[in-house]
Amino acid sequence: MRVELPMPRVGPVNDDAPRPIKVVLNWGRRYSLWVFNFGLACCAIEFIAASMARHDFIRLGVIPFAPGPRQADLMVVSGTVSDKMAPAIRRLYDQMPEPKYVISFGSCANSGGPYWDSYCVTKGVDQLIPVDVYVPGCPPRPEALLQGIIRLQEKIASETLSTKSIRAKYAGSRRAAAGEVTRPLLVKPEVTGRETGGELS
Amino acid sequence: MSPYLTVGGVVLAGALLFVAAMAVRLVLAPRAPTAAKLSTYECGVDPVGEGWAQTNVRYFLYAFLYVVFAVDAVYLFPWATVIRSTDLGVASLAEMGIFIAVLLVGLAHAARRGLLRWV
């Protein structure tokens with residue numbers, strides 16, 4: 001079924017809105033980042049530690065209780081992204097509402113990390129989705145995530161959303177589905193004589 | 001001033017607040033729908049089937065036992081707080097006796113169908 005979708009755009013008044021309104025909008029986006037934790041490996045433990053009482057990133061306005069991607073503003077990918085998990089990450093990122101931000105947390109999510117030569121590890125989550133802030137470390141300490149969040153908040157404070165920028169972001173990839181980031185089989189599975197049954201061979 | 005005027009004012013203020021928030025969202029918020037975004041949220045995988053699904057009818061027995069035990073407990077706990085009172089005590093004792101007797105019939109039925117056997 002083909003569905004006609006409208007072009008991406010900001011609200012009709014946004015482009016001509018006076019500067020104070022944009023400042024207020026950015027201020028609101030900056031300090032209520034509902035975060036969607038994509039915990040995939042040990043880095044997720046550091047993320048959880050950052051959300052707990054000692055490091056407490058809720059004081060920065062990061063709220064770790066998003067029930068799903070549709071209620072989230074920020075996705076923190078913490079851990080090893082495998083090629084099998086890649087379509088799910090892409091799909092969940094696609095289902096987040098605009099404006100959305102991504103923090104890549106830890107070496108694995110940044111570049112594949114210690115698994116840089118693995119057959120099944122995605123070499124960085126930025127191959128799937130646009131990343132705003134990279135937090136280095138293996139795993140990074142919770143303080144590193146706090147620094148990353150502050151960096152992201154600086155970025156949000158200085159950004160200006162416009163129809164032009166949002167269309168540039170979606171250019172070429174609007175129709176991409178999760179299946180398009182699934183790698184095809186490298187080798188066709190061998191079919192033994194007993195299982196063929198006449199039609200597979 | 002009539003108290004209804006106050007209630008009306010609160011309702012009006014609430015409605016105005018809602019309309020204002022939705023209008024501001026409409027004129028300011030960015031929007032970028034894609035096919036993937038509009039698809040059903042299924043924890044990142046493709047949705048399969050439709051919203052309606054069938055449950056096997058034999059699971060009604062678990063619902064049945066749940067009603068017998070859980071609903072029973074829900075009514076027993078508040079009853080325990082009034083059983084000593086002079087005006088409610090005797091009447092509530094009789095009523096709870098009837099209630100539990102009805103549930104016991106259900107339990108006996110479940111036992112007769114072999115539901116209480118271990119494996």
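It should be emphasised that the depicted structure is a prediction, and the values quoted were computed from it without experimental measurement. Below, read A as the first sequence line, B as the second, and so on, with proteins coming before strands; counting in each chain starts at 1.
Of the atoms belonging to A:Ile89, not a single heavy atom falls under 4.5 Å from chain B. Looking at A:Met85, there are no atoms closer than 4.5 Å to chain B (heavy atoms on both sides), in backbone or side chain. With a 4.5 angstrom heavy-atom cutoff, B:Leu28 touches chain A via backbone and side-chain atoms both.
Remark: B:Tyr66 OH is loosely packed, at most 12 non-hydrogen atoms of other residues, nucleotides or ligands lying under 6.0 Å away. Few gaps surround CZ on A:Arg59; more than 12 heavy atoms of other groups in view lie less than 6.0 Å from it. Within a 6.0 Å radius of CZ in B:Phe64, more than 12 heavy atoms belonging to other residues, nucleotides or ligands are found.
Across every non-hydrogen atom of A:Arg91 and B:Ser39, the tightest pair is NH1-OG, 3.7 Å. The shortest heavy-atom contact between B:Ala32 and A:Glu98 is CB-CG, 3.8 Å. Looking at every heavy atom in both residues, B:Leu26 comes nearest to A:Pro12 through O-CD, 3.6 Å.
Taking CZ of B:Arg31 as the reference point, atom CZ of A:Arg9 lies at 4.5 Å (rounded to 0.5 Å).
B:Pro30 places none of its side-chain heavy atoms less than 4.5 Å from the side chain of A:Pro8.
When atom types are taken as modelled, the side chain of A:Arg70 and the backbone of B:Lys37 share a donor-acceptor pair closer than 3.5 angstrom.
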